[in-house]
There are 2 protein chains.
Amino acid sequence: MAGIKQVQRQTGVALWRQIADRIREAIGSGAYDATGMVPPETALATQFGVNRHTVRSALAALAQEGIVRAVQGRGTLIERKERLNFPISRRTRFTDGLRDQARETHALLLGHAEEVADAEVARWLRIEQGTPVIRLETVRDADKRPVARGTSWFPAARFAGIGEIYRKTESITKAFAALGLSDYVRATTEITATHADSGDIADLELTPGAVLLITKAMNTDLEGVPVQYSISRFAADRVQFTIEN
Amino acid sequence: MAGIKQVQRQTGVALWRQIADRIREAIGSGAYDATGMVPPETALATQFGVNRHTVRSALAALAQEGIVRAVQGRGTLIERKERLNFPISRRTRFTDGLRDQARETHALLLGHAEEVADAEVARWLRIEQGTPVIRLETVRDADKRPVARGTSWFPAARFAGIGEIYRKTESITKAFAALGLSDYVRATTEITATHADSGDIADLELTPGAVLLITKAMNTDLEGVPVQYSISRFAADRVQFTIEN
DNA sequence: TCGAAATGTCTATTGATATAGACAACCATA
DNA sequence: TATGGTTGTCTATATCAATAGACATTTCGA
C-alpha cells in the first residue's frame, strides 16, 4: 500500500491539507473499518512520504472537524464517518431522500425576499425577465451536521407567502401543499462541482479548499409548469447522488 | 463587487491557489466575456484583499494551464473557457453527449486486463465475486483536452476481446455492437466529488487540489442484465452533468 | 508624442509550512 | 510490572507563501 496515495509538493496546497483530505476520504470509504482507527502516525508518514509532524497537522485538522479523536498511548479513533445518499428522480424530495439515513433533519430559513427574475431565473422558470419571484435562502441539516445550502426561486404570483410557510413547516412539499399544489415533479437537474467559497465555509462548517457538489434543479407541477428553481450546494464529503433510470 | 469572493487564510491552501481557482471559475461562467480579459492585477488584488504579487502568482498558475495569457502593457487575455455538458439519462453515451460541443473526441485505451470480480464489481454487475471480468482503463479527450479517466468492467464470458475492439473503435457502443449487443441503457449513476489524486493530476493534466466529479455507472442490456460497470473521474472545471427526468 | 494604464522585475521582510531529532506521557498486554 | 507501541511536546532549521515598495517596460489612446 505504501506510496499509493501520493501527495504533491509546491502546488499551493499544503501537504497536511492534502493528507487530511485523503484520510477523510479513506475513512468515508470504509478503509479503516476493520480497526475503527486511523493507522499510526509513523505508518501514515511512511505511506505519504512525509515527516510525522506533517501527518500530525493533518490529523489535528480532522480532529478539529470532529472526524477523529487522538488518544495518547492508544491511537487515533474514528469518531464519525458518513456519506448521505440523495436519490435524484422525478420524485426527488430532500427530506424523503434522507429517510433512514439520518435520525433528524432540519431546514433553516436564512432569509426570504421578493425580487424580480434575472435572466437565469427567468429561463429556468420559463417566465419573462423582470417577473416577480420569491427567493428563499436555506441551510439543511442532517443529525445536526449541515449538509447543503440552497437558494430557491418561486413565481411570486402563484406562491405568495411561501417563505413564512416554509419557515414553519421546514418542507417545500408541505409549503406547496399549503398553497394548493398537492404534487410536483423534478424536471431537470444540473450537477457541477467546485471549491467552497466563503459562504459555503461559514454555512456548511467547511474548511477552504473543500469540495462542493452543486445542483441546479427545476421542479414542475403535473402539467409541466415550472414551480421552483433552486441552486443547492452540498458538502461533497458528506453526500453522494444516485440517479436511477 | 469588492470583497464578495473572499479567500481564507491559514487553511493549508495558499491564497494564490484559492484565487486561481476563483478566477478560473469566473472565466468558465462567462463573468469576463464582455472584455475577453481578466481584470487588471491591481483590481484583483483589491477585490481579493491581497497583495498584487499574490494575484500574479495566481495568474501565473492559470497561464501555466493555458487558460490566460498576460501581455505587457495591455492586460491578461483569456485563452480558453469551456465547460462541456454531459446529459445523463437511459440513453447516456459518452461521445454522443458531446456532439456539437467538441470538434473532435478521442478515447485512449491505457490498458486492459482480465481479472476476477471483487466485491464491489460483483455487486454492480450482479455476478458472483470471483467471476472473470475484463477491466478497461481509458482516458477521453475533447478537442485534445483530457476530460475524464475511467475504469470499466465487463463480464468476461460475454464480452471476450472487448479491449482490443475498444482500442480500434474508441467507442463502447461500437465495441458492444461488434460483440452482438446492439443496444444498452444506463440503469444507475452515482455521483460524488472529491480532490484529484496523483493519477488524476497526471492523466487529466490537473493541479493538486483540483476538483473532480466522479460517476459510478451501470449499464444493462434491454433485458436489464448488467453489461458494464464503470467509474469515471471528470475534471470538474471542464464539465457539468444534466439529468432530465 | 506624451501620459495613463497595464504587466514585468527586483529587493527585503515576515509568517506559515515542512523536516529532523529527541524525549515525555500514556496505554495495553505479555 | 516491564515493555513495546502509540500520541504529545519541545527545539532547531530550511523553504515556501505573502506582504511591501520601487521602478522598468510595454501598449494604447488622447
Side-chain angles (χ1 to χ4, degrees), chain A residues 3 5-23 27 32 34-64 66-79 207-209, chain B residues 3 5-23 27 32 34-64 66-79 207-209:
Chain A
K5 305 195 174 191
Q6 288 292 349
V7 287
Q8 316 292 319
R9 289 158 195 268
Q10 301 177 10
T11 59
V13 182
L15 293 179
W16 65 263
R17 171 135 300 284
Q18 297 183 53
I19 291 168
D21 292 337
R22 299 231 179 279
I23 294 175
I27 291 172
Y32 306 137
T35 59
M37 298 175 69
V38 169
E41 294 168 353
T42 49
L44 290 170
T46 303
Q47 177 185 340
F48 289 111
V50 301
N51 191 276
R52 180 179 154 231
H53 292 297
T54 308
V55 169
R56 284 180 59 76
S57 297
L59 291 174
L62 294 177
Q64 185 69 27
I67 292 176
V68 301
R69 179 169 52 90
V71 179
Q72 190 170 4
R74 291 182 60 195
T76 303
L77 283 60
I78 295 170
E79 288 280 278
T207 50
Chain B
K5 304 195 175 194
Q6 289 290 348
V7 286
Q8 315 292 317
R9 289 158 196 267
Q10 301 177 15
T11 60
V13 183
L15 293 178
W16 65 262
R17 172 135 299 283
Q18 296 183 53
I19 291 168
D21 292 337
R22 299 231 179 278
I23 295 174
I27 291 172
Y32 307 135
T35 59
M37 298 174 68
V38 169
E41 294 168 352
T42 49
L44 290 170
T46 303
Q47 177 185 341
F48 290 111
V50 301
N51 191 276
R52 180 180 155 232
H53 291 297
T54 308
V55 169
R56 284 180 59 74
S57 297
L59 291 174
L62 293 177
Q64 185 68 27
I67 292 176
V68 301
R69 179 169 54 91
V71 179
Q72 189 170 1
R74 292 182 59 195
T76 303
L77 284 59
I78 294 170
E79 290 281 277
T207 50

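First the proteins, then the strands, lettered A, B, ... as listed; each starts at 1.
- Under the side chain to side chain contact (heavy atoms under 4.5 Å, CB included) test applied with B/L59, the options B/I19, B/I67, B/V38, B/T54 reduce to a single match, B/V38.
- For the salt bridge (charged side-chain N to carboxylate O under 4.0 Å, His left out) test, no residue two or more places apart in sequence or in another chain qualifies with A/R74.
- Shown for residues 34-42 of chain A: residues whose heavy atoms fall under 4.0 angstrom of DNA chain D, namely A/P40, A/E41.
- Here D/dA17 presents its P atom at 18 Å from CZ of B/F48, a figure rounded to the nearest Å.
- Listed by chain and residue number, nothing satisfies the side chain to side chain contact (heavy atoms under 4.5 Å, CB included) test with A/A60 (two or more places apart in sequence, or in another chain).
- The separation between A/L77 atom CG and C/dC27 atom P is 13 Å, rounded to whole Å.
- For B/Q64, the side chain to side chain donor-acceptor pair (under 3.5 Å) test picks out no residue, with sequence neighbours left out.
- Every side chain to side chain contact (heavy atoms under 4.5 Å, CB included) that B/A70 has, sequence neighbours left out, goes to B/T76.
- Side-chain proximity of B/A14 to the nucleotides D/dT19, D/dA17, C/dT19 is greatest for D/dA17.
- Neither OP1 nor OP2 of D/dT6 sits under 4.0 Å from any side-chain N or O of A/T76.
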Within the sub-3.5 Å range, which N or O atoms of nucleotides 21-28 of chain D have a protein N or O partner, and how far apart are they?
residue: D/dG21; atom: O6; partner: B/H53; partner atom: NE2; Å: 2.4
residue: D/dT25; atom: O2; partner: B/Q72; partner atom: NE2; Å: 2.6
residue: D/dC28; atom: OP1; partner: B/R74; partner atom: NE; Å: 3.2

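- In this structure, A/R56 places its CZ atom 15 Å from P of C/dT19, rounding to the nearest Å.
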